[in-house]
Amino acid sequence: MVPPLLNLTICPFRAMVTPAEGFVRVSAICIHFTPFTSIKTGKMAQKAIDMNRIRQVQQLRDDGVPIKEIARRTGISRKTVKKYLRKLEEVPGPQDSEAFTDKKLAPLVYNNDNTVVRNKRQEALLRHFEQAQGELNKTGVTKQLLWMEYHQDHPDGYQYSQYCYWFSKYLKDTDPAFHWEYTPGEFTQADYAGKKLSYLDKQTGDTISSEVFIAVLPFSGLLFCEAVPSQKTADFAHSINELVKYFGGVTKTILCDNFRTAVTRSDKYEPVFTELCYQLSDHYHTTFSATRPAEPKDKAMVENAVNIIYTQIYARLRKLTFHSLEDLNQQIRILLDALNQKAYKNNPESRRDIFIRSEQGTLKALPEEAYRLRKGKQVTVQQNYAIQLPDNKHYYTVPYQYVGCKVWVQFDNKTVEVYYQHERIAFHVRSSYEPLFNRIADHMPANHQHMVKMQGWTVEDLLQRAGRVGRYTRQAADRIIHSSIYPEQNFKACHAMILLQAKYNKERLEAACRRAGNVPRPTLKMIRNILEAGLDSQPLLFDEEPVRLPGHQNIRGAQNYQ
């Protein structure tokens, strides 16, 4: 029986029959069957004698050695030697044999007596494969669907198992793999595994599934793996933090797939990344890159790493039960470290060894703090030169010159940063005790700063400022403030009196307040008139210190009157 899918090559009778090649003797002819993959090129998969042995036969012929002796020396049968000698009759003599290259010699001695025969079923299957190759890359198209379409047009065609077998052979031959050369510290390839891990919640008894984040350094093959609750922004940022912490540094580029957490718009040439990726790039001084859509070979190393994680970690966890995500990740880390320490096949070094020797020194240093997830939003500066955050509706000021401008706000639970045209114009520290309106004095115009100072005046503050000038100025300020029932009404007058030291000086203001010291209710106008008239420099009647009585033993003190 001839196998169901064969190329038949009919050639003259051959004395040497090799069972491994699949030759079957039939009368005076020899039928040679070859694999189906050869129908694509139309060439016979005949195992020919090596060209060097053909050259030996040619050389022995030129030396006059008989055919029987040539067969003995070369190990080729006499009839085969005769066949090749007939073909070599067209080759020039020894003087020109060197100029007759192997490329010119090969057509004379190979494949001149062979004819490839294809049946109609093979031809139809080949034409179908040429069309189905492009259809297989489309969304939702499977080999089973393509086979059903093929079987509708060719009811007598191949069944599904052989169809898949020969289709795989066809795709393998038409889609060769490219060998990448990686540079140490250049790339980190990251992706999420297709299969999830899970743990059992003690309280509810529910099985909770977890995504698995996987990354690899292509040069050394060092792997990273961690289970996370989801692929959301916070979990992705946490995975990147743990990734660079495990590697001890950052590569120049992080290559990832087009999942939504990282890429907002996928494109073959200019993908658009999320704000999170830009923040991570700025924090760790790296860049993000995305693979071409539907091209998993762009990150072949991490695709292979996923399969390694399946066999080396998933398989070892299948019989274990975990009750929290922390317990699951703890066991994953133990298996991951063992995997990275395991030596390569036919190589005494492990992934970790190659990483330490050749790649660790090329990584960029990590910042002092890990990245904190920050939200971002574009807002317009309101008329009160403040922006409002969406999370707590609090206001934060910016310099008043940016009123009406659109600015970019980045914030978390600790800080607020405001950017205008990529330049930071405001920075606020957040706390749980902050007011509804958070104001920085430097952001306000001069008149607003004065109004705020007025709102913040107290009796103690004004007296303290007056006391820095002198004790008589403090005495005058105290009398001015308390000259009415409501001290707040006299805050402006007291403040203006203290500001007279800027026009005059502290010594003159102190002298003017001293001259007004005997007045029970001094006023701002009174002290200003003293300074304008220069009366502060005139001597007072009580300038001299009163004469004190000399001490005497008969003088009794206060203790005698208790």
Side-chain angles (χ1 to χ4, degrees), residues 1-123 125-126 129 162 165-166 168-170 172-177 179 346:
M1 288 290 293
V2 178
L5 186 57
L6 303 173
N7 283 339
L8 302 182
T9 303
I10 303 175
C11 59
F13 173 78
R14 297 175 60 173
M16 297 293 293
V17 179
T18 306
E21 290 182 324
F23 289 97
V24 180
R25 172 159 319 168
V26 178
S27 183
I29 64 172
C30 183
I31 301 176
H32 178 207
F33 56 87
T34 61
F36 176 72
T37 51
S38 63
I39 69 172
K40 293 166 21 181
T41 59
K43 296 180 181 179
M44 183 187 72
Q46 176 183 351
K47 184 177 180 181
I49 295 178
D50 185 79
M51 182 60 70
N52 293 328
R53 300 181 70 187
I54 299 295
R55 286 290 190 183
Q56 291 179 4
V57 173
Q58 180 187 13
Q59 182 64 42
L60 293 173
R61 179 207 65 175
D62 296 340
D63 293 340
V65 179
I67 294 177
K68 184 176 180 180
E69 183 62 19
I70 292 175
R72 188 186 67 81
R73 293 185 184 183
T74 59
I76 305 174
S77 65
R78 286 183 296 171
K79 292 186 177 181
T80 304
V81 171
K82 289 181 181 179
K83 182 186 73 172
Y84 282 111
L85 288 178
R86 286 195 301 268
K87 294 180 179 182
L88 292 172
E89 290 178 356
E90 302 179 15
V91 180
Q95 65 277 8
D96 298 328
S97 60
E98 294 182 359
F100 207 78
T101 63
D102 291 349
K103 185 175 181 180
K104 295 180 180 180
L105 183 61
L108 298 177
V109 297
Y110 295 142
N111 299 333
N112 283 346
D113 57 348
N114 301 306
T115 303
V116 176
V117 179
R118 300 178 189 157
N119 58 37
K120 294 182 179 180
R121 195 166 64 155
Q122 296 171 1
E123 294 284 356
L125 186 61
L126 178 59
F129 284 165
Q162 278 203 338
Y165 174 77
W166 295 118
S168 299
K169 290 283 187 181
Y170 179 86
K172 182 178 180 181
D173 292 343
T174 57
D175 191 14
H179 176 71
N346 300 326

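With sequence neighbours excluded, no residue forms a side chain to side chain donor-acceptor pair (under 3.5 Å) with Asn346. Every side-chain contact (heavy atoms from CB on, under 4.5 Å) that Arg72 has, sequence neighbours left out, goes to Glu69.
In the displayed structure, Arg78 atom CZ is contacted under 6.0 Å by at most 12 heavy atoms of other residues, nucleotides or ligands.
In this structure, the separation between CZ on Arg61 and CD on Gln59 is 9.5 Å, given to the nearest 0.5 Å. To the nearest 0.5 angstrom, Glu123 atom CD is 6.5 Å from Leu126 atom CG. Distance OG1/Thr74 to CD1/Ile54: 9.0 Å, rounded to 0.5 Å. Atom OH of Tyr84 is separated from atom CD1 of Ile76 by 7.5 Å, given to the nearest 0.5 angstrom. Between Leu60 atom CG and Gln56 atom CD the span is 7.0 Å, to the nearest 0.5 Å.
Between Val65 and Ile70 the shortest heavy-atom distance is O-CD1, 3.4 Å. What you find for Ala71 and Ser77 is that their closest heavy atoms are CB-C, 4.2 Å.
Side-chain N/O atoms of Gln58 and Arg55 include a donor and acceptor closer than 3.5 Å.
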